[in-house]
Asker: 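First, the structure itself, so that you have it in front of you.
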Amino acid sequence: MKPVHQSSSTSSTTPAASAPEGADRPEVRIQITSNPLYLSGTRELVAGVSRRLGFTEESCSQIALAVDEALANVIRHGYLKAPDKPIWISLYPTKEPGSSGPFGDSCQACSLRIVIEDEARQVDPSVIKSRDLDEIRPGGLGVHIIKSVMDHVEYVKRPAAGMRLTMIKHRSSSSADCAASGSGNGGACCAPANAKDRPHA
Amino acid sequence: MPENANNSAELKVRSEKRDGAVLIIPAGEIDLTSSPTLRVELKRVQADKPARLVIDLSAVPYMDSAGVATLVEAMQAARKSSTKLVLCGMQDKVRSIFEISRLDTVFTIVHDQNAAMGN
């Protein structure tokens, strides 16, 4: 895994994935190659960051699973298993006012936005759907799993090349997420329990 | 993408015969990288068409849809050979992906090896 600094360029032959238009600067951004060898380390990183942002163990596992499934889809279907293509993973926590970390920064997140970008072949986002679960067969579960565990999922074509997947997980005010974070604000910053599938602001 | 043991060092799969059944015990994470290791071992033992095949997942802390797909393949092969396939020892994180995929009602899932062996 290569940490990607905002001010540096990458060795990619095409322009590196930049922060999505109009988006804030990511707090964590890494680049991996499309080798499944790096799936384990990436999901550990994402779960670890989610944990420190105040998500429950269950939510951390779900977030890591969604990232794992998304990366696997890029590797298998986007890059057709070529192991040397770039994938960028960016994390954008939405902070909770008033909670302070060791350096005076907010350390609890209301939500976590994860953006996964690639330079793989582009597909019409409208055809990226969950499959019928009544059909018992191996494969094709990745999109269903992602949509089941994340609150907001959006695929778009990147202007230059490849796809961009944006996923958001909220800390629900009725879940243990807020209790786990010790926010003690009655979930004032947290999304309501029925926030699932609600487009983020 | 290489699908060989070099990329799946994290997953170990042990198998043994017990009371007329075959017991498979994977240990480690089962994902896109490691699932081929499990698939190879399942195909090997299923070639003998055992009456009962038990997969003990108690040492599997994580599984993604590639792992689930491997087990669905095994279930389909088991149905063709009239093998009774039973999963046991599932950790909560692993059970969760079966529930999300609505496969928890398709597989026979029991608590532990004892129950899986029909004791």
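This is a predicted model, so every value here is computed, not measured. In what follows, every chain begins at residue 1, and chains take the letters A, B, ... in the order their sequences are listed.
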Asker: Nearest 0.5 Å, what's the CD1-NE2 distance between Ile100(B) and His144(A)?
Answerer: 7.0 Å
Asker: Between Leu103(B) and Leu141(A), is any pair of side-chain heavy atoms under 4.5 Å apart?
Answerer: yes
Asker: What distance separates Ile75(A) CD1 from Leu32(B) CG, expressed to the nearest 0.5 Å?
Answerer: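 Interatomic distance, Ile75(A) CD1 to Leu32(B) CG, rounded to 0.5 Å: 6.0 Å.
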Asker: Ignoring hydrogens and geometry beyond distance, is a side-chain donor-acceptor pair present between Ser40(A) and Glu29(B) at under 3.5 Å?
Answerer: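 Indeed, the side chains of Ser40(A) and Glu29(B) share at least one donor-acceptor pair under 3.5 Å.
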Asker: How many angstroms lie between OG in Ser148(A) and CD in Glu99(B), if you round to the nearest 0.5 Å?
Answerer: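 The distance works out to 12.0 Å.
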Asker: More than 12 heavy atoms of other residues, nucleotides or ligands under 6.0 Å from NZ of Lys129(A): is that the case?
Answerer: no
Asker: Just checking Glu58(A): does its CD atom have more than 12 heavy atoms from other residues, nucleotides or ligands closer to it than 6.0 angstrom?
Answerer: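 No - once you tally the heavy atoms of other residues, nucleotides and ligands closer than 6.0 Å, there are 12 at most.
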Asker: Crowded around Asp132(A) CG? As in, over 12 foreign heavy atoms under 6.0 Å?
Answerer: yes
Asker: Tell me, for Asp31(B) versus chain A, whether the close heavy atoms (under 4.5 Å) come from the side chain, the backbone, both or neither.
Answerer: side chain
Asker: Going from OG on Ser65(B) to CD1 on Ile146(A), what distance comes out if it is rounded to the nearest 0.5 angstrom?
Answerer: 8.5 Å
Asker: Is chain A contacted by the side chain of Met75(B), its backbone, both, or neither, given a heavy-atom distance below 4.5 Å?
Answerer: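 Just the side chain, heavy atoms under 4.5 Å.
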